[in-house]
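First comes the structure, then the notes that go with it.
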Amino acid sequence: MHPLTEAAGWLLDMDGTVVDSHAVVERAWVAWAGRRQVLPQAVLAVCHGGDTESMIRRFRPDLDDAEVQRDADQHIADETGDVADVRPTRGAHDLIAWLEATGRPWGVVTNAPHGLAEARLGAAGVHPGVLVCRDDVPDGKPAPDGYLLAAERLGVDITACAAVEDS
């Protein structure tokens with residue numbers, strides 16, 4: 001038996017791991033780039049997996065905190081409202097079925113806020129028993145806070161968990 005299959009709990013990333021949201025992420029960032037006169041190609045080169053506010057500050061360091069927050073709120077709303085082609089990643093449902101058939105508790109840990117995570121997971125037909133989002137913890141990934149909270153909610157010692165990430 002492979003050591004990975006012996007994990008007592010599984011902590012799955014959302015985007016790129018169980019949910020394919022690639023197209024919507026790019027559409028939202030291209031729209032933002034157009035509104036803020038930023039080259040879309042530059043944003044597209046680094047937009048996946050990043051924190052929204054950090055991305056905005058990276059490309060528009062001249063914006064004050066209020067403008068950054070407004071842009072971030074609009075960006076998250078754009079992504080949340082656009083789930084037309086959000087789908088499960090290849091093999092995601094097979095993995096989840098195996099976890100459930102073998103009685104292994106699992107959850108999703110994401111840097112997305114709750115509303116966005118729920119919209120994407122719902123569109124992909126993924127229904128975790130435990131969902132830990134960026135707004136649940138003091139520090140988002142790669143900090144361990146989300147993983148620690150998810151393991152606690154699963155009732156599994158963190159040292160017995162497998163974390164599955166796309167990056």
Side-chain angles (χ1 to χ4, degrees), residues 9-89 92 96 106-154 158 161-167:
W10 287 63
L11 310 175
L12 310 175
D13 178 41
M14 184 178 69
D15 294 307
T17 301
V18 294
V19 172
D20 179 352
S21 58
H22 195 88
V24 65
V25 169
E26 291 192 353
R27 279 194 299 273
W29 280 114
V30 166
W32 174 82
R35 288 191 301 271
R36 285 297 187 173
Q37 293 78 47
V38 175
L39 288 174
Q41 302 88 328
V43 176
L44 291 176
V46 295
C47 68
H48 293 281
D51 167 87
T52 303
E53 290 179 21
S54 298
M55 284 288 296
I56 292 167
R57 289 182 194 286
R58 176 179 183 164
F59 289 98
R60 288 298 307 268
D62 58 307
L63 300 179
D64 65 32
D65 290 346
E67 290 174 301
V68 169
Q69 190 60 57
R70 277 193 301 276
D71 278 17
D73 290 346
Q74 180 62 56
H75 184 82
I76 294 298
D78 290 348
E79 286 196 30
T80 302
D82 181 2
V83 294
D85 52 2
V86 171
R87 61 187 182 277
T89 58
I96 292 165
W106 65 279
V108 170
V109 181
T110 179
N111 271 342
H114 268 281
L116 177 57
E118 290 168 354
R120 285 187 180 162
L121 290 166
V126 175
H127 308 287
V130 167
L131 173 61
V132 175
C133 298
R134 174 62 184 93
D135 37 8
D136 291 323
V137 293
D139 293 309
K141 298 188 294 183
D145 303 35
Y147 302 106
L148 294 169
L149 180 58
E152 179 183 315
R153 288 181 178 174
L154 288 174
I158 189 67
C161 290
V164 182
E165 285 278 345
D166 68 325
S167 57

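Start at 1 with the first residue, then count along the sequence. Remember, predicted model here, so these are calculated numbers, not experimental data.
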Find the distance between [atom1] ([X]) and [atom2] ([Y]) and round it off to the nearest 0.5 Å.
X      : Y      : atom1 : atom2 : answer
Thr80  : Leu116 : OG1   : CG    : 4.0 Å
Leu63  : Arg36  : CG    : CZ    : 4.5 Å
Asp166 : Leu12  : CG    : CG    : 11.5 Å
Glu67  : Ile56  : CD    : CD1   : 11.0 Å
Glu26  : His48  : CD    : NE2   : 3.5 Å
Leu148 : Ile158 : CG    : CD1   : 5.0 Å

Is any side-chain heavy atom of [Y] closer than 4.5 Å to one of [X]?
X      : Y      : value
Asp85  : Arg27  : yes
His114 : Asp136 : yes
Val19  : Leu121 : yes
Val30  : Leu44  : yes
Val43  : Arg58  : no

#### Entry: Arg57 and Asp65 ion-paired at < 4.0 Å
yes
### Query
Can we say Asp13 and Lys141 salt-bridge, meaning some charged N sits less than 4.0 Å from an Asp/Glu carboxylate O?
yes
### Verdict with reasoning, Trp32 to Met55, per side chain to side chain contact (heavy atoms under 4.5 Å, CB included)
CA-CA 11 Å; Trp32 174 82; Met55 284 288 296; over 6 Å; no
Shortest non-hydrogen contact between [X] and [Y], atoms and distance:
X      : Y      : answer
Asp145 : Pro138 : OD2-CD, 3.5 Å
Ala33  : Pro40  : CB-CA, 4.0 Å
Ser21  : Asp15  : OG-OD1, 2.6 Å
Arg120 : Val25  : NH2-CG2, 3.5 Å
Thr110 : Ala112 : OG1-N, 3.0 Å
Gly107 : Pro128 : CA-CB, 4.4 Å

### With Asp73, the side-chain hydrogen bond (donor to acceptor under 3.5 Å, both in side chains) member among His75, Gln69, Arg70
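It is Gln69, the one option of His75, Gln69, Arg70 that forms the side-chain hydrogen bond (donor to acceptor under 3.5 Å, both in side chains) with Asp73.
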### Task
Test Val38 against Trp29 for side chain to side chain contact (heavy atoms under 4.5 Å, CB included), laying out the working first.
CA-CA 10 Å; Val38 175; Trp29 280 114; over 6 Å; no
#### Entry: Worked check of side chain to side chain contact (heavy atoms under 4.5 Å, CB included) between Val24 and Val86
CA-CA 7 Å; Val24 65; Val86 171; 4.0 Å; yes
### Task
Taking Gln37 for its side chain and Arg35 for its backbone only, find out whether a donor-acceptor pair lies under 3.5 Å.
yes
### Residue that, paired with Leu11, satisfies side chain to side chain contact (heavy atoms under 4.5 Å, CB included) out of Val108, Val164, Leu149, Val109
Val109
